[in-house]
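Numbers here simply count residues along the sequence, with the first being 1. Remember, predicted model here, so these are calculated numbers, not experimental data.
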Amino acid sequence: MSKKNGIEALSRRAFLASAATVGASAIAAPAFAQSALDTLINAPRRGNWDDQFDAKAASRTATAMVSNTPILGPQSVASAQQAIMQYQQIAAAGGWPEVNPGDQRLQLGVSSPSVQALRQRLAITGDLPREAGMSNAFDSYVDGAVKRFQARHGLPSDGVLGEFTLKAMNIPADVRLQQLNTNLIRLQTFPEDMGRRHLMVNIPAAYVEAVEDGSVATRHTAVVGRLSRPTHLVNSKIYEVILNPYWTAPRSIVEKDIMPLMRKDPTYLEKNAIRLIDGKGNEVAPETVDWNGEAPNLMFRQDPGKINAMASTKINFYNKNGEYMHDTPQQGLFNKLMRFESSGCVRVQNVRDLTNWLLRETPGWSRQQMEQVIATGVNTPIKLAAEVPVYFVYISAWGMPDGIVQFRDDIYQMDGNAELALDTTAGMEQPVQ
């Protein structure tokens, strides 16, 4: 699949209109970033790190990044233009210094000359408050600023400058500006009215927003397709939820995975509750199959249950790629730094909360009733009373009305600059079947 497959073609006129709008809004004021930096540099020098502890810094960081405003909505384009103006000013003022701590681990309590460059870097993008001043101390102000930066870039907010935090921090300002411009064009393709109730899956961010009446009702961490098997961009509608779903193994998994596993362990299918079904719907005994030959022309169907690849829930929407959203028995996947490991379908954390939201306007399906059915283990398809619009999008940089600017790794390499694909999937675990 082409790396740009699924992106709607945009006319040159739309691009030029976008550029004109942004250009008009961008005041040539490079003093913006420089004045903030000058204020910081000229502030009274700080003392030792333990003399400048601010216990509220970290808590402010966590809450500041949480918003009920959806990424896609009436304010999306204006917020992106505001972010572009900010980064135009930063780039025109010379950008930010490179942070290079060498072999030293920068974290709370450390004192190092490298911290001054870190303070400047964080101050220029507004992550570090001006009153923090300048020093070599990695104090609570810097800790909170690093956590804020990490949250804005979809990284674990631990306050430690690890490999990926440093990579994100050292991407030049003009490259980030380019990323914002690219994503502004994408944002302009969406209607302001996405539907009173709708779902958005943002692939680079690997999360799901359920939006109702212009506000995020529930947000979910997700696992999406890896680069070699990307999740497709779609504009569709969710029409069905299946509780206790069957899972049918794709032909590729049968050939590449199940056949070799059966040669090693003839009880593999039984252990994983996978049945063989022929074209007439009859069950076929595994011992009648020659597992050393070619894959049989049979359906490999896994029974509902806790070990089912989709666990409790499958969410169906119209699409030609056979993709869907679902639960997973491997909940630990949601704790990983980068969640680009599926074969195209989307795993959803706390999927029952999302299912409850989807079924809320379908009579007879309260949360209690849904849980009771799941407990039975009986396959139960449910048609939604009203289909819910769903948008699978690729937005790797965006602004919010409160001025916070968000960036994500360009996992599918669609943003036009290799520096934006941070290689954060290097060394990841093997894709799960």
Between [X] and [Y], which heavy-atom pair has the shortest distance, and what is it?
X    : Y    : result
A173 : I90  : CB-CG2, 4.0 Å
P204 : I411 : CA-CG2, 4.2 Å
G159 : D143 : CA-OD1, 3.7 Å
S366 : N356 : C-OD1, 4.2 Å
V160 : V146 : N-CG1, 4.4 Å
S252 : R229 : OG-NH1, 4.3 Å

With side chains defined as the heavy atoms from C-beta onward, is the minimum distance between [X] and [Y] less than 4.5 Å?
X    : Y    : result
M325 : F392 : yes
Q178 : R176 : no
Y239 : V388 : no
V348 : H326 : no
S114 : L106 : yes
V393 : V201 : no
L122 : W96  : no
T328 : M310 : no

To the nearest 0.5 angstrom, please state how far the [atom1] atom of [X] sits from the [atom2] atom of [Y].
X    : Y    : atom1 : atom2 : value
I238 : H198 : CD1   : NE2   : 11.0 Å
L118 : N136 : CG    : CG    : 11.5 Å
S111 : F138 : OG    : CZ    : 12.0 Å
M299 : I274 : CE    : CD1   : 13.0 Å
D327 : I242 : CG    : CD1   : 13.5 Å
L354 : T313 : CG    : OG1   : 9.0 Å

[X] side-chain N/O to [Y] backbone N/O, donor-acceptor pair under 3.5 Å:
X    : Y    : value
T231 : G225 : yes
N272 : I307 : no
N319 : G322 : yes
S76  : I71  : yes
R152 : V405 : yes
Q75  : P70  : yes
T380 : V378 : yes
N244 : V373 : yes
D158 : K147 : no
T362 : A385 : yes

Among side-chain atoms of [X] and [Y], is any donor-acceptor pair under 3.5 angstrom?
X    : Y    : answer
T218 : H220 : yes
Q150 : S157 : no
S79  : Q82  : no
T182 : R186 : no

**Message:** The test is side chain to side chain contact (heavy atoms under 4.5 Å, CB included); show your working for V346 and V223 and say whether it passes.
**Reply:** CA-CA 6 Å; V346 176; V223 175; over 6 Å; no
**Message:** For D410 and S396: C-alpha separation, side-chain torsions, deciding distance, then whether side chain to side chain donor-acceptor pair (under 3.5 Å) applies.
**Reply:** CA-CA 6 Å; D410 178 23; S396 63; 5.3 Å; no
**Request:** List the steps and the verdict of side chain to side chain contact (heavy atoms under 4.5 Å, CB included) for W398 and N202.
**Result:** CA-CA 11 Å; W398 65 96; N202 189 7; 3.7 Å; yes
Kindly state each residue pair satisfying salt bridge (charged side-chain N to carboxylate O under 4.0 Å, His left out) with at least one member in [range], sequence neighbours excluded.
range            : result
residues 302-317 : R275-D303
residues 351-368 : R196-E361, R197-E361, E212-R360, R352-E371, D353-R367, R367-E371
residues 93-103  : none

**R119/D127 salt bridge by N-O under 4.0 Å criterion** =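 Between R119 and D127 there is no salt bridge, as every charged N stays at least 4.0 Å from the carboxylate O atoms.
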**Asked** Which pairs, with at least one residue in residues 382-392 and sequence neighbours excluded, count as a side chain to side chain donor-acceptor pair (under 3.5 Å)?
**Response**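 Listed once each, the pairs are Y318-E387.
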**Prompt:** Is the NZ or CZ atom of R301 positioned over Y246's six-membered ring, under 6.0 angstrom from the centre and within 45° of the axis?
**Reply:**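 Yes, a cation-pi geometry.
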**Prompt:** Are F317 and K237 close enough, and set up right, to give a side chain to side chain contact (heavy atoms under 4.5 Å, CB included), and what steps lead you there?
**Reply:** CA-CA 5 Å; F317 53 92; K237 290 187 176 181; over 6 Å; no
**Request:** Step through it carefully: locate the ring centre of Y394, locate the ring centre of Y412, and say whether they are under 6.0 Å apart.
**Result:**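 Close enough - the centres of the two rings lie under 6.0 Å apart.
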**Request:** Using salt bridge (charged side-chain N to carboxylate O under 4.0 Å, His left out) as the criterion, list what pairs up with E323, not counting sequence neighbours.
**Result:**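 Listed in chain order: nothing, the list is empty.
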**Intermediate values then yes/no, side chain to side chain contact (heavy atoms under 4.5 Å, CB included), M194 and V211** = CA-CA 9 Å; M194 310 273 297; V211 180; over 6 Å; no
**Item:** With sequence neighbours excluded, residues passing side chain to side chain contact (heavy atoms under 4.5 Å, CB included) with A397
**Value:**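 Partners of A397 under the side chain to side chain contact (heavy atoms under 4.5 Å, CB included) test: Q179, L180, N183, F407.
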